[in-house]
Amino acid sequence: MLSIKVEFELSSTATAMAVDQTVHGVPPSLSAKVTGSFAYLTIRDRMPIILIKAIDTIHRNKSKFFEEHGEEGISAEKQAISLLSKLRNELQTDKPLLELMDGLPDTESWNQYMQRQQSQLGDQEPVSWFKSPWLYVECYMYRRIQEAVWLNPPINNFDVFNEGKTQSFFESQQAVMALCTYLGDIQRSMEKLSENQLSEYFNKLLQVSLWGNKCDLSISAGQDNSQKTNPIDSLDSLQPFILVDDSNMVWLTLNSSRRLKGTGKKTADRVDIVLDNAGFELVTDLVLADFLVSSGLARQIHFHGKCFPWFVSDVTAKDFQWTIRQTMAANHKWMCKSGFQWQSYLKEGVWCYHDHPFWTQPHEFCDMSADAPDLYATLQEADLVLFKGDLNYRKLTGDRDWGHTVDFCAALRGFEPAPLCSLRTLKANVQVGLQPGQAEKLTSQDPSWMTNGNYAVIQFQIPKLE
Ligand SMILES: O=P(O)(O)OC[C@@]1(O)O[C@H](CO)[C@@H](O)[C@@H]1O
Ligand SMILES: [Mn+2]
């Protein structure tokens, strides 16, 4: 990892607040125990809809399963639906969570996590949907969906969310074409760009990736959420909705190697992008990654996706490869050019794709160094880690009921593998690092500001110097 000697000015207040928060402990996890809370409404209303849609998708593919697998496909379809229907009943009647039985590589870790949750509750009450942490039960639901499908070969590799992810890509074609054209224009004049012009393009593409996160299907319970307009044109009008904007710190981190090496080289060795949603959002991330490499701001990009279908629209390896293939096959010069460039980045090892099981487990990120030390060590090799989306933000902050002015550093609780930045549109009621009075003002202007996806943060944190 690049050891950054550049001192980012941490306000004395922020440091004092961080100390204060540490001294006074960590707030409780968001959960459905608070009737009427966003967690409660998500678990009561939206998660059952997601299960119903998954059941409906499997049912609608019955004839496909028959064509491909004959009677075995039919009985697998029936069995998977029955497991998902049972899961939905457990969820809606707040039954105790059940151990996983599918013998996958992460099964043991999931069951151990459940024991950990149970020991925190003691023997009085079982780990259940409406009493355990929202982060845990929501992640658990998606892992049970995976179990229901995995236990039923020959449909055990079926992605119940695939239709929504591919539709989001196809419905966003105009925006994708505009974005790839914009990237092509930049790359044609890259050599002649001044430092200011470069940083301007960087900020625009960082914001396009930020707002790409609005296109997430779990918050819309699978409803179409694609990007219809040209993403560049809307940036100015969206600027006021960025509540925390640390993009200057991100720029400084990418360029800080120049100060260190005194060579005028401005290349950071490696930027990691912890991906969120497939579809349009993934294209915005690939375009940003292409810009970072072709501008010389980064030498290598490591992408982190999910090992199985997750939170309706999250990227799996299949989605990542499919998106690049689709871009290559587009009947559009700049899309096609971008797609081929992305494929050669992967072939040359300039881009690498990983999918560690930790990203599809329920852990708060402050547990990563203990629960996934190999992944933590991988992230420590990065000069910058970009975390996309709301669920990653919830895990960065532990999905705790923090006060809004608590410092981001305090909420990370020691998770600092490398300089990191969250690019997140707000879809859950956890947000730290705001100025005094800022949350109150937002609530008076727009009571659902934390969950409607209209607001965003570019929130940065550098590891404390050893
Ligand atoms: O991580 P993303 O894709 O930006 O958002 C996912 C997400 O908004 O969907 C859930 C709603 O069910 C939220 O709790 C969760 O954070
Ligand atoms: Mn997501």
Side-chain angles (χ1 to χ4, degrees), residues 14 17-18 20-22 24-44 46-47 117 130-142 210 213-214 216 218-219 241-246 274 276-277 311 314 359 361-368 386-416 420-443 446-461:
M17 271 194 283
D20 176 57
Q21 189 61 43
T22 313
H24 292 96
V26 176
S29 306
L30 296 176
S31 85
K33 280 193 285 196
V34 180
T35 307
S37 66
F38 187 70
Y40 176 87
L41 297 173
T42 299
I43 296 167
R44 188 193 71 182
R46 198 185 11 243
M47 284 164 57
Q117 288 292 326
F130 283 80
K131 298 184 198 67
S132 293
W134 172 30
L135 177 66
Y136 171 46
V137 299
E138 191 169 25
C139 292
Y140 173 81
M141 180 185 85
Y142 288 98
L210 169 73
N213 182 241
K214 279 169 83 90
D216 132 55
S218 44
I219 193 74
F241 293 88
I242 301 178
L243 305 179
V244 176
D245 185 353
D246 294 337
V274 182
D276 186 0
N277 301 308
F311 277 71
D314 281 27
W359 304 117
Q361 289 174 353
H363 302 73
E364 301 167 47
F365 285 167
C366 60
D367 298 337
M368 186 190 288
L386 299 177
F387 286 92
K388 292 299 308 295
D390 188 68
L391 176 61
N392 277 324
Y393 192 85
R394 292 174 57 201
K395 290 186 168 183
L396 283 165
T397 58
D399 218 32
R400 301 299 176 127
D401 192 14
W402 299 101
H404 295 304
T405 55
V406 164
D407 192 56
F408 189 37
C409 175
L412 290 170
R413 285 180 288 154
F415 179 70
E416 39 185 62
L420 62 87
C421 182
S422 167
L423 300 175
R424 173 237 185 168
T425 57
L426 279 68
K427 302 172 218 162
N429 53 323
V430 52
Q431 181 57 55
V432 296
L434 299 186
Q435 296 305 311
Q438 190 176 1
E440 292 74 7
K441 185 163 175 254
L442 284 160
T443 303
D446 181 353
S448 64
W449 64 276
M450 273 195 278
T451 56
N452 58 25
N454 293 335
Y455 299 84
V457 292
I458 301 174
Q459 201 157 29
F460 174 87
Q461 183 59 45

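None of these values were measured; they are calculated from a predicted model.
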*Just wondering, do Leu423 and Cys421 contact through their side chains at under 4.5 Å, heavy atoms?*
yes
*Is Val34 close to Tyr40 at the side-chain level, that is, under 4.5 Å between some pair of heavy atoms?*
no
*Are the side chains of Met368 and Trp359 in touch, meaning some heavy atoms are under 4.5 Å apart?*
yes
*Kindly say whether Gln431 contributes a backbone atom to a donor-acceptor pair with the side chain of His404 at under 3.5 angstrom?*
yes
*Residues Arg394, Glu138: salt bridge by 4.0 Å N-O rule*: yes
*May I ask you to test the Phe460-Asp245 pair for a side-chain heavy-atom distance under 4.5 Å?*
no
*Hey, what's the ring geometry for Phe387 with Phe365, parallel, tilted or perpendicular (30° and 60° as the breaks)?*
tilted
*asked:* Please report the interatomic distance CD1(Ile242) to CZ(Arg424), rounded to the nearest 0.5 Å.
replied: 14.0 Å
_Intermediate values then yes/no, side chain to side chain contact (heavy atoms under 4.5 Å, CB included), Trp402 and Val26_ = CA-CA 8 Å; Trp402 299 101; Val26 176; 4.0 Å; yes
_Let me confirm one number: the CE-OG1 distance from Met47 to Thr42, rounded to the nearest 0.5 Å._
8.0 Å
*Please tell me if the side chains of Val244 and Leu434 come closer than 4.5 Å, counting only heavy atoms from C-beta onward.*
yes
*Indicate whether the side chain of Lys427 and that of Asn213 have a donor and an acceptor atom separated by less than 3.5 Å.*
yes
*asked:* Name the residue from Pro133, Pro27, Cys366, Pro28 that meets the side-chain contact (heavy atoms from CB on, under 4.5 Å) definition with Arg400.
replied: Pro27
_Assess, by modelled atom type and distance only, whether the side chains of Trp449 and Thr443 contain a donor and an acceptor separated by less than 3.5 Å._
yes
*Within a strict 4.5 Å, meaning less than it, do heavy atoms of the Glu364 and Lys395 side chains meet?*
no
*Can Asn429 and Thr451 be counted as having a side-chain donor-acceptor contact under 3.5 angstrom?*
no
*Say whether, by atom type as modelled, one donor and one acceptor occur between the side chain of Asp446 and the main chain of Leu442 under 3.5 angstrom.*
no
*Would you give the length of the straight line joining atom OG of Ser422 to atom CZ of Phe408, rounded to the nearest 0.5 angstrom?*
5.5 Å
*About how many Å separate OG of Ser31 and CG of Asp399, when rounded to the nearest 0.5 Å?*
10.0 Å
_Gln438 side chain vs Leu243 backbone, donor-acceptor pair below 3.5 Å_ = yes
_I'd like to know whether Thr425 forms a side chain to side chain contact (heavy atoms under 4.5 Å, CB included) with Tyr455, so could you lay out the CA-CA distance, the side-chain angles of the two residues, the decisive distance to 0.1 Å, and finally the verdict._
CA-CA 6 Å; Thr425 57; Tyr455 299 84; over 6 Å; no
*asked:* Do Val457 and Tyr393 have side chains that approach each other closer than 4.5 Å (heavy atoms only, starting at C-beta)?
replied: yes
*asked:* Among Leu386, Leu420, Asn392, Leu396, which residue satisfies the side-chain contact (heavy atoms from CB on, under 4.5 Å) criterion with Val274?
replied: Asn392
_Rounded to the nearest 0.5 Å, what separates atom CD in Gln459 from atom CG in Asp246?_
6.5 Å
*Please walk me through it: do Asn277 and Asp314 pass side chain to side chain contact (heavy atoms under 4.5 Å, CB included)?*
CA-CA 4 Å; Asn277 301 308; Asp314 281 27; 2.9 Å; yes
*asked:* With side chain to side chain contact (heavy atoms under 4.5 Å, CB included) as the criterion, how do Tyr140 and Ser132 come out once you've worked through the C-alpha distance, each side chain's angles and the decisive distance to 0.1 Å?
replied: CA-CA 11 Å; Tyr140 173 81; Ser132 293; over 6 Å; no
_Please check if the number of heavy atoms outside Lys33 that lie under 6.0 Å from its NZ is greater than 12._
no
*asked:* Once rounded to the nearest 0.5 Å, what's the spacing between atom CG of Asp401 and atom CH2 of Trp134?
replied: 11.5 Å
*Taking the side chain as every heavy atom from C-beta outward, state whether Leu391 and Asp276 have any pair of such atoms under 4.5 Å apart.*
no
